[in-house]
Structures are given as structure tokens and as C-alpha cells.
Amino acid sequence: MTRKLISTASVLATLLSFAGPVSAQDTTPIKIGVLEDQSGDFALATIGKVHGIELATKEINDAGGIAGRPIELVVYDTQSDNTRYQEFMRRVLQRDKVDVVFAGFSSASREAYRPIVNQFDGLAFYNNQYEGGVCDANMIVTGAVPEQQFSTLLPYMMEKYGKNVYTIAADYNFGQISAEWVRNIVKENGGEMVGEEFIPLGVSQFSQTIQNIQKAKPDFVVTLLVGTAQSSYYEQAGSANVDLPMASSVNVGQGYEHKRFTPPSLKDMYATVNYVEEIDTPESKAFVERFHAMFPDEPYINQEAENSYAAVYLYKEMVEKAGGSTKVADVRATLADGTLCYDAPEGKMCIDPKSQHTSHTIYLAHVNADHSIEFPKKWDDIKPYWLGDVGCDLTKNDPSAQYTPSSLPTMQ
């Protein structure tokens with residue numbers, strides 16, 4: 001009889017085949033792509049977004065990561081250039097193989113890259129206040145939207161100051177669609193639009209606009225101006241003695257004009273924001289302290305910085321609720337019951353399953369003559385209800401479309 005020698009490796013292999021697979025914790029990094037303007041016309045408002053992401057990443061990694069896996073950031077400077085958004089979105093999804101992307105300031109940049117995210121079935125967080133209406137399963141939006149900002153702001157202004165309204169807005173989809181919301185809400189509340197102007201991006205001279213406003217004699221002006229150039233309006237209007245209250249969904253909370261310009265050019269500006277660094281709560285104060293400890297030269301912590309910080313934690317909740325999976329279908333499935341929430345510096349934020357937008361605490365920020373901020377009103381837990389009300393339900397179908405009050409979905 002012949003004897004066969006059986007190797008130790010063979011014995012171990014046989015034993016393992018009966019014992020089943022040995023599971024080891026996955027410690028490969030979770031890769032987050034970050035496409036934000038660190039230079040260009042919007043950089044002043046968006047560098048804080050990158051810093052908010054970096055702060056949250058450090059905190060999460062120091063605490064053990066997401067489901068035991070560290071976060072690795074893949075950061076590109078999009079330079080306020082929509083072509084670069086498209087180029088870098090392809091790069092992070094195809095070459096860098098990121099698990100999720102945080103991208104975009106302007107609505108034009110979002111609409112430039114959104115088809116690419118859909119093409120590659122990626123997942124993108126848009127952490128910006130915007131004009132609303134995006135119903136797209138590949139997008140999660142943490143910024144505030146019109147039903148959270150205008151539906152609170154405009155009735156307040158009309159009751160306090162009067163019902164004759166003049167709007168000046170940036171001339172692209174953010175300004176145009178936001179102005180449509182203003183028109184509708186003013187009309188619903190018995191007001192009148194006495195003027196409306198759309199200003200091309202990059203314009204910095206407003207003498208004709210100021211003359212038009214003075215001639216129209218509104219009770220207040222709705223300002224929907226974006227970027228460094230357009231913010232020149234405020235000092236020019238102040239120099240021309242345009243002593244009118246202003247209302248905005250975008251100013252103060254993004255470009256912190258009350259900090260950058262000489263008082264009293266922002267006097268009686270009212271802005272509905274989900275966060276500004278002046279919010280006087282223990283949670284906000286602790287956030288500001290941590291932020292400045294890591295970034296001591298940060299000039300201001302705006303709502304986009306807080307949105308971006310919170311977005312990292314929301315994504316962490318999604319992945320951990322999905323059992324550690326970063327597959328798009330798995331992390332989206334965690335939203336279905338409407339309980340995916342995070343206690344942010346502003347207050348509790350929850351992701352609505354139908355629209356994949358977040359609820360917010362909305363603060364009415366009033367700029368005083370000395371440019372200090374007070375908060376005459378606060379609205380808790382304002383949900384992003386409009387898209388769901390008009391028929392967007394991403395738990396059932398995915399149109400990958402953007403809707404407006406005059407262009408509604410046909411789906412049921």
C-alpha cells in the first residue's frame with residue numbers, strides 16, 4: 001500500500017471548506033469626490049464647503065471611519081468653470097472610482113454634471129441652496145429650497161413692509177426659476193410685482209438698475225444676486241441712497257456680504273437661511289469653535305459650509321444603515337422609511353425619500369445698520385414638500401428631471 005503525504009495547506013483548505021468563509025472587516029477607504037470652486041468667481045462662498053467636508057472627514061476618521069473604513073477625499077478645483085465640472089465628474093467616476101461625489105455651487109454647474117452622474121449611475125450630493133425642482137434618484141440635495149425659504153420670507157416681508165415688490169436676479173436658471181417662485185408667492189399673498197430684472201453673471205455696474213428701482217418705488221427689493229461681481233450692487237445702492245428693505249434666499253447666508261461690505265450697505269436685509277455662524281445655540285457655537293480650530297483663517301462659516309459638513313455625516317448614516325455597502329442602490333434604499341436624519345449644527349436634518357432633499361430649520365436673519373445679525377423669527381423642521389406634492393416620488397420612478405411651478409411632472 002502506498003502512503004500519500006498531505007500538506008498542511010491542504011488540511012487547512014479542507015477544514016475551511018467545512019467551516020465556511022472567513023469574514024474580515026473591510027478596511028479599504030471610502031472615496032468621496034469633491035468638486036468645488038476653490039478659485040474663480042464663486043470661490044469666496046465655496047472654499048468653506050471644502051473645509052466643511054474636510055472637518056467632517058477628520059472627525060469621522062478620528063472616530064473610526066464609516067463602518068470601520070476610513071474616508072479618502074479626492075478633491076478637484078473646478079474654478080467656477082462648468083466645463084471643468086464635466087471633465088472632473090467623468091474623471092472621479094471613471095478613473096478615480098469614487099463611491100460618492102459632493103459637487104457644485106451654481107445651478108448651472110449642477111446641470112452641467114448631472115447627466116454624467118446619471119450616465120455612470122453615480123451618486124452626487126448637491127450641498128447648495130438652490131431654486132428647487134430636481135427630481136433625480138442619483139442626486140441628494142442638502143441645501144434649502146424655495147418652499148423652505150420664499151414661503152416663509154415673502155409673507156413676512158409683505159406683512160411688515162408692503163405688497164409692492166421688485167426683483168433683481170442673476171440671469172441663469174437659479175435666478176430665473178427663483179424669480180418665478182417670487183412672482184407666484186407675491187400674487188398668492190395679494191401683492192404686485194412692480195419690476196423684475198435679470199442681471200448677467202459677471203456684471204458689476206448697477207446704475208441703471210438702481211434708477212429703475214427708484215422709479216418703480218417698491219416696498220422692498222428681492223435680491224437674488226450671486227458671485228463676487230454682482231455683490232457690488234449693495235454698496236452702489238447704498239451710495240445712491242436706495243433706502244429700501246431687501247429680501248433674499250441667497251445673500252448673507254452664502255456670500256456673507258454683511259461681513260465684507262461697509263455698514264450700512266446691507267441695512268434691513270432679510271434672508272432666510274438654514275445656517276449662518278451667528279446662530280446662538282450650543283450646537284452652533286461648538287461647530288464654529290471646531291471649524292475655526294481646524295481652519296483659523298476661515299473668514300466666515302456660511303450655510304453651504306454647514307450643508308457640506310452635514311452631508312458627510314448623512315452619507316455616513318446611509319452607508320452604515322446599508323450594512324457598510326456603498327453601492328448606490330443599497331445606500332438609496334436606506335432612505336425609504338424617512339428616518340435617515342442627522343443632528344446638524346442648525347438642528348435636525350432628515351432626507352425626504354420622495355425628493356431626496358432635506359428638511360431644515362429656517363432662520364430669518366435680519367441685518368442691522370451696523371451689520372450685526374438678529375433673528376426675529378425661526379421655523380422648525382420645514383420639510384421639502386413641494387416636489388412630493390406635485391408628483392415626484394423617487395421611491396417609485398426616476399424621471400431625472402427638473403421641474404418648476406410652470407413646468408410640472410406628468411407622472412402620478
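Values below: every heavy atom of this structure, side chains too, minus hydrogens, waters and symmetry copies.
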Legend entry - Atom of H258, atom of V367 and distance for their closest heavy-atom approach: CB-CG1, 4.0 Å
Legend entry - Side-chain heavy atoms of L394 within contact of P399, under 4.5 Å: yes
Legend entry - Salt bridge D136-R114, side-chain N to carboxylate O under 4.0 Å: yes
Legend entry - Main-chain N/O of G175 paired with S178 side-chain donor or acceptor, under 3.5 Å: no
Inset, instruction - Could you check I382 against Q149 for side chain to side chain contact (heavy atoms under 4.5 Å, CB included), going step by step and ending with a plain yes or no? - result: CA-CA 9 Å; I382 303 295; Q149 293 184 289; over 6 Å; no
Inset, instruction - Verify the distance criterion only: is there a donor paired with an acceptor across the side chains of S284 and Y275 at less than 3.5 Å? - result: yes
Legend entry - No-hydrogen, no-angle side-chain donor-acceptor test under 3.5 Å, Y300 and E278: yes
Inset, instruction - Supply the atom-to-atom distance E277 CD to I301 CD1, rounded to the nearest 0.5 angstrom. - result: 5.0 Å
Legend entry - Verdict with reasoning, T339 to K321, per side chain to side chain donor-acceptor pair (under 3.5 Å): CA-CA 11 Å; T339 62; K321 194 173 178 181; 3.0 Å; yes
Inset, instruction - Could you tell me whether the side chain of K31 and the main chain of D96 form a donor-acceptor pair under 3.5 Å? - result: yes
Inset, instruction - Check each of W181, Y403, F150 against W386 using the ring-ring contact (aromatic ring centres under 6.0 Å, His included) test, and report the only one that passes. - result: W181
Legend entry - Main-chain N/O of N118 paired with N138 side-chain donor or acceptor, under 3.5 Å: no
Legend entry - Stepwise side chain to side chain contact (heavy atoms under 4.5 Å, CB included) test for M157 and V165: CA-CA 10 Å; M157 294 296 291; V165 182; over 6 Å; no
Legend entry - Within-4.5 Å side-chain heavy-atom neighbours: E197 and T167: no
Inset, instruction - Measure centre to centre between the rings of F42 and F105, then say whether the value is under 6.0 Å. - result: yes
Inset, instruction - Specify the closest pair of heavy atoms between F125 and A311, including all atoms of both residues, with the distance to one decimal. - result: CD2-CB, 3.7 Å
Legend entry - Gap between atom CG of D389 and atom CG of L408 - 0.5 Å precision: 11.0 Å
Legend entry - Lys/Arg-Asp/Glu bridge criterion (N-O < 4.0 Å) met for K383, D352: no
Inset, instruction - Indicate whether the side chain of T223 and that of N251 have a donor and an acceptor atom separated by less than 3.5 Å. - result: yes
Legend entry - Carboxylate-amine/guanidinium contact R110 E131, below 4.0 Å: yes
Inset, instruction - Evaluate the side chain to side chain contact (heavy atoms under 4.5 Å, CB included) criterion for residues N307 and H360: first the C-alpha distance (whole Å), next the side-chain angles of each, then the deciding distance (0.1 Å), finally the verdict. - result: CA-CA 10 Å; N307 291 341; H360 282 293; 4.0 Å; yes
Legend entry - Ring centroid separation F291 to Y309 under 6.0 Å: no
Legend entry - Ring centers of Y161, Y270 separated by less than 6.0 Å: yes
Inset, instruction - Mark yes or no for whether S80, through its side chain, and D37, through its backbone, hold a donor-acceptor pair below 3.5 Å. - result: no
Legend entry - Gap separating the OH atom of Y233 from the CD1 atom of I168, nearest 0.5 angstrom: 4.0 Å
Legend entry - Closest contact, heavy atoms only, P384 versus Q148: N-NE2, 3.7 Å
Legend entry - Side-chain touch Q254/N128, heavy atoms, less than 4.5 angstrom: yes
Inset, instruction - Grab the two heavy atoms, one from A305 and one from G48, that are nearest each other, plus how far apart they are. - result: CB-O, 3.3 Å
Inset, instruction - Apply side chain to side chain contact (heavy atoms under 4.5 Å, CB included) to the pair S265 and H371, showing each step before the final yes or no. - result: CA-CA 8 Å; S265 53; H371 282 196; 3.7 Å; yes
Legend entry - Qualifying residue, where the test is salt bridge (Lys or Arg N to Asp or Glu O under 4.0 Å) with R290 and the options are E283, E54, E59: E59
Inset, instruction - Answer whether the closest heavy-atom distance between the side chains of I362 and N274 falls below 4.5 Å. - result: yes
Legend entry - Pairwise salt bridge (Lys or Arg N to Asp or Glu O under 4.0 Å) hits with a residue in residues 302-316, at least two apart: K316-E320
Inset, instruction - Look only at the side chain of Q303 and the backbone of V273, and say whether a donor-acceptor pair between them is shorter than 3.5 Å. - result: no
Inset, instruction - Using modelled atom types only, decide if a donor and an acceptor are shared between the side chain of Y166 and the backbone of A216 within a distance under 3.5 Å. - result: no
Inset, instruction - Please state whether the rings of Y130 and Y126 are parallel, tilted or perpendicular, taking 30° and 60° as the class boundaries. - result: perpendicular
Inset, instruction - Measure the CE-OG1 distance between M349 and T358 for me, rounded to the nearest 0.5 Å. - result: 4.0 Å
Inset, instruction - Considering non-hydrogen atoms only, spot the tightest contact between Y315 and I66 and give its length. - result: CD2-CD1, 4.4 Å
Inset, instruction - Answer yes or no: is there a side-chain heavy-atom contact under 4.5 Å between Q119 and L93? - result: no
Inset, instruction - For residues V182 and L154, determine if any side-chain heavy atom of one lies less than 4.5 Å from a side-chain heavy atom of the other. - result: yes
Legend entry - E36 (side chain) donor-acceptor with K49 (main chain) under 3.5 angstrom: no
Legend entry - Side chains of V186 and K163 in contact at under 4.5 Å (non-hydrogen atoms): no
Inset, instruction - Calculate, to the nearest 0.5 Å, the distance between atoms OG and CD1 belonging to S39 and I47 respectively. - result: 8.0 Å
Legend entry - Ion pair D243/K267, N-O distance below 4.0 Å: yes
Inset, instruction - Taking S109 for its side chain and S106 for its backbone only, find out whether a donor-acceptor pair lies under 3.5 Å. - result: yes
Legend entry - Over all atoms of both residues, closest heavy-atom pair of C341 and E317: O-CG, 3.9 Å
Inset, instruction - Verify, without hydrogens or angle tests, whether R260 (side chain) and G255 (backbone) share a donor-acceptor contact under 3.5 angstrom. - result: yes
Inset, instruction - Say whether, by atom type as modelled, one donor and one acceptor occur between the side chain of T57 and the main chain of E72 under 3.5 angstrom. - result: no
Inset, instruction - Hey, could you give me the CZ/CD1 distance between R91 and I116, rounded to the nearest 0.5 Å? - result: 12.5 Å
Legend entry - Beyond-backbone contact of T272 with Y156, side-chain heavy atoms, under 4.5 angstrom: no
